[in-house]
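In the text below, chain A, chain B and the rest are named by the order of the sequence lines, each starting its count at 1.
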2 protein chains.
Amino acid sequence: MKKSFRIKDCSDFVKKGLTDNSMTLDTLTQIYKSLSEPIRLRIIHLLMQRDSLCVCDLVEILQLNQSTVSRHLSYLKNAGMVQAWREGTWMHYALNQATLDPVNREFIESTMQDFAEIQQDQNRLIEHEKAPRKCALS
Amino acid sequence: MKKSFRIKDCSDFVKKGLTDNSMTLDTLTQIYKSLSEPIRLRIIHLLMQRDSLCVCDLVEILQLNQSTVSRHLSYLKNAGMVQAWREGTWMHYALNQATLDPVNREFIESTMQDFAEIQQDQNRLIEHEKAPRKCALS
DNA sequence: AATGTATATCCGTATAAGCGAATATAAACA
DNA sequence: TGTTTATATTCGCTTATACGGATATACATT
């Protein structure tokens, strides 16, 4: 049976997906809002380092609750910041490069490298990739 | 008598002013958060058009409640996005250019010009300046 | 079909953000 | 000093955001 629609969880993400390509004041604020959260910036930084990452990679690297990571990824997807596709049981996420246009990419890439949390994520990414991963087979 | 400190209104702005110049992950998110609100983007756009504007200018151009405008300006000031100084009774606000580094300035300037609300603000700015203003004497 | 694994979503709860009306503060001036 | 004008802040309230634990869903494998 279909669950009833829950307004609260709807607003937990973005009110409506920004699927159309017409940029408005609200879509622009939505893009900045998706960048205004430390965990989401960490995710974006990690996705900048690789073509794509799987949810299980991110959960392990960020060392955060799976539901937390998944929720932030949904938020980013609804804001158009990332693309997602399924490969078997695994969901892969990749940056949607175009929606990063409103940010100074060079600035944030070089600035974020100095942040302790970001350096730690970077190190964990490298370490994580040393171990064989089922989600990276294809 | 000094009023008691109110936590709720503290969080209505930014928890602590970002006065020091050491950029952290939280200061970066704070900058993006200050851009993630339509009224604040409109204010920033207007301040991009002029060296500085007075609160009374903004209230009239934006056609918003004075407390709303003032609160958003406080938010921007605490996030380090704008500078403020007093001239007589009037408070003048100007963009702090350096804190716009994390954004793609050219992109948002050209993109925002296409937004209806921004065009309206732009027109009201021109109209507003045709009338003599006491706050613009100095 | 039954079970296991990966991920998304729900639920309850806590905190943050935003608004308008009202009030406080600060300077200007009569 | 009292009054006016400009601005900041408070208050009460509503809505949005975020989190962890639990549950639902989707695919894979036996």
Practice item. Give a yes/no answer on whether the side chain of A:Thr68 brings an N or O atom under 4.0 Å of OP1 or OP2 in D:dG20. Key: yes

Check your understanding: Counting just side-chain N and O atoms, does A:Lys33 come under 4.0 Å of either OP1 or OP2 of C:dA17?
Key -> no

Point to revise | Nucleotide C:dC19, atom P - distance to OH of B:Tyr75 in whole Å | key: 12 Å

**Study point:** 5' precedence on DNA chain D between A:Leu64 and B:Val55 (nearest-nucleotide basis)
**Key:** B:Val55

Practice item. Check whether any side-chain nitrogen or oxygen of A:Ser67 sits under 4.0 Å from OP1 or OP2 of C:dT9, and answer yes or no. Key: no

Review point. Taking N and O atoms by type only, does the side chain of A:Gln66 place a donor or acceptor under 3.5 Å from a partner on the base of C:dA8?
Key: yes

Practice item. To the nearest Å, give me how far apart CD (B:Glu60) and P (D:dT5) are. Key: 15 Å

Review point. Nearest of C:dC10, C:dA27, D:dA8 to any side-chain atom of B:Thr89?
Key: C:dA27

Exercise for review: Send over the distance from A:Lys134 NZ to C:dA6 C1', rounded to a whole Å.
Suggested key: 9 Å

Practice item. May I ask you to verify if any side-chain N or O of B:His72 is less than 4.0 angstrom from the OP1 or OP2 atom of C:dC19? Key: yes

Check your understanding: Quick one: salt bridge (Lys or Arg N to Asp or Glu O under 4.0 Å) pairs with a partner in residues 35-44 of chain B, sequence neighbours left out?
Key -> B:Arg42-B:Asp121

Point to revise | Distance test, side-chain N/O of A:Tyr93 to OP1/OP2 of C:dA8, below 4.0 Å | key: yes

**Study point:** Test item: B:Asp57 side-chain N/O and B:Cys54 main-chain N/O as donor-acceptor pair under 3.5 Å
**Key:** yes

Check your understanding: Between A:Ser36 and B:Met91, who's closer to the 5' end of DNA chain D by nearest nucleotide?
Key -> B:Met91

**Study point:** Atom-pair distance (CG on B:Leu58; P on D:dT7), nearest Å
**Key:** 9 Å

Practice item. Treating Ile, Leu, Val, Met, Phe, Trp and Tyr as nodes and any side-chain heavy-atom pair under 4.5 angstrom as an edge, say whether A:Val82 and A:Trp90 lie in one connected cluster. Key: no

Check your understanding: How close or far is atom P of C:dA16 from atom CD of B:Glu37, stated in whole angstroms?
Key -> 18 Å

**Study point:** Any side-chain donor near an acceptor of the partner, A:Asp26 and A:Thr24, under 3.5 Å
**Key:** no

Point to revise | Nearest to side-chain heavy atoms of B:Ser70, which nucleotide of D:dT9, D:dC19, C:dT5 | key: D:dT9

**Study point:** Within one Ile-Leu-Val-Met-Phe-Trp-Tyr cluster: A:Met48 and A:Val69, side-chain cutoff 4.5 Å
**Key:** yes

**Study point:** Whole-Å distance separating the CH2 atom of B:Trp85 from the P atom of D:dA8
**Key:** 13 Å

Exercise for review: Remember a base hit wins even if backbone is also touched, and classify B:Ile39 as base, sugar-phosphate or nothing at under 4.0 Å, heavy atoms.
Suggested key: sugar-phosphate

**Study point:** Value in whole Å for how far the P atom of D:dT17 lies from CG of A:Leu73
**Key:** 17 Å

Check your understanding: Rounded to the Å, how far apart are A:Asn65 CG and D:dT17 C1'?
Key -> 16 Å

Point to revise | base_contact_polar (C:dG18 base, B:Arg40 side chain, donor-acceptor, <3.5 Å) | key: no

